[in-house]
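Since the structure comes first, as structure tokens, the remarks are kept for the end.
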Amino acid sequence: MTQPLAPEQLDRLQSDMRDRLVQLRAQVAHALEHSVHESHEFSAGEVLDMEDTAFIRMVRELDLADIERDAAEIHDIDAALARMDDGSYGQCVDCGEPIALARLEAYPSAKRCYACQQAVERAQGM
């Protein structure tokens with residue numbers, strides 16, 4: 001059985017998550033700025049062929065996918081920080097058992113223990 005987290009471990013994980021939030025928010029801001037800049041560049045009255053249009057669409061879709069992935073991670077981290085505030089951080093939301101420190105170090109916003117996460121992924125066909 002996994003032991004509950006010590007205060008120093010919680011502090012370190014919280015600091016890591018806050019640092020990651022700063023990185024993610026900067027990445028999202030940069031991606032949005034890049035996307036807007038590209039839109040203005042290619043809409044400046046230039047006639048584009050089908051290949052150019054397809055390439056621009058693909059780049060925008062990749063930018064959007066990156067932004068969506070980063071936004072989902074921001075949401076997960078915010079939820080983990082909220083669990084820290086309410087005292088439930090490090091406890092599996094499904095079985096209630098403590099989440100292993102190694103799992104939290106690898107994925108600080110984890111809300112399930114390894115076994116429960118595997119069960120969810122199997123059920124979703126992952």
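Positions are given from 1, in the same order as the sequence printed here.
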| request: Return the set of residues passing side-chain hydrogen bond (donor to acceptor under 3.5 Å, both in side chains) with D94 (not counting sequence neighbours), or none when no residue passes. | output: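 By the side-chain hydrogen bond (donor to acceptor under 3.5 Å, both in side chains) rule, D94 matches R112.
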
Distance (rounded to the nearest 0.5 Å) between [X] [atom1] and [Y] [atom2]:
X	Y	atom1	atom2	value
Q117	R122	CD	CZ	10.5 Å
R25	D70	CZ	CG	11.5 Å
L13	L104	CG	CG	6.0 Å

Will you find, in the side chains of Q23 and Q27, an N or O donor that is under 3.5 Å from an N or O acceptor?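 No, no side-chain donor-acceptor contact under 3.5 Å.
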
(Q) Any heavy-atom pair between the side chains of L5 and I99 that's under 4.5 Å? (A)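 With C-beta onward as the side chain, the pair stays apart.
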
State, with a plain yes or no, whether a side-chain heavy atom of E97 is found less than 4.5 Å away from one of C113.
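E97 does not reach C113 side chain to side chain.
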
Open item on the list: Quick check on the hydrophobic clustering: are Y114 and V93 connected, directly or via other members, by side-chain heavy-atom contacts under 4.5 Å?
Closed with: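 No: no chain of side-chain contacts under 4.5 Å links Y114 to V93.
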
In this structure, would L32 and I74 fall into the same cluster of hydrophobic residues linked by side-chain contacts under 4.5 Å?
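The answer is yes; both residues are in one hydrophobic cluster.
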
Minimum heavy-atom separation for M17 and A80, please, with both atom names.
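M17 and A80 have their closest heavy atoms at SD-CB, 3.6 Å.
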
What closest approach, in Å, do D86 and R83 show between heavy atoms, and which atom pair accounts for it?
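Closest approach of D86 to R83, heavy atoms only: OD1-O, 2.8 Å.
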
Inter- and intrachain pairs under side-chain hydrogen bond (donor to acceptor under 3.5 Å, both in side chains), touching residues 5-17, at least two apart:
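As it turns out, the side-chain hydrogen bond (donor to acceptor under 3.5 Å, both in side chains) pairs with a partner in residues 5-17, which skip direct neighbours, are R12-E105.
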
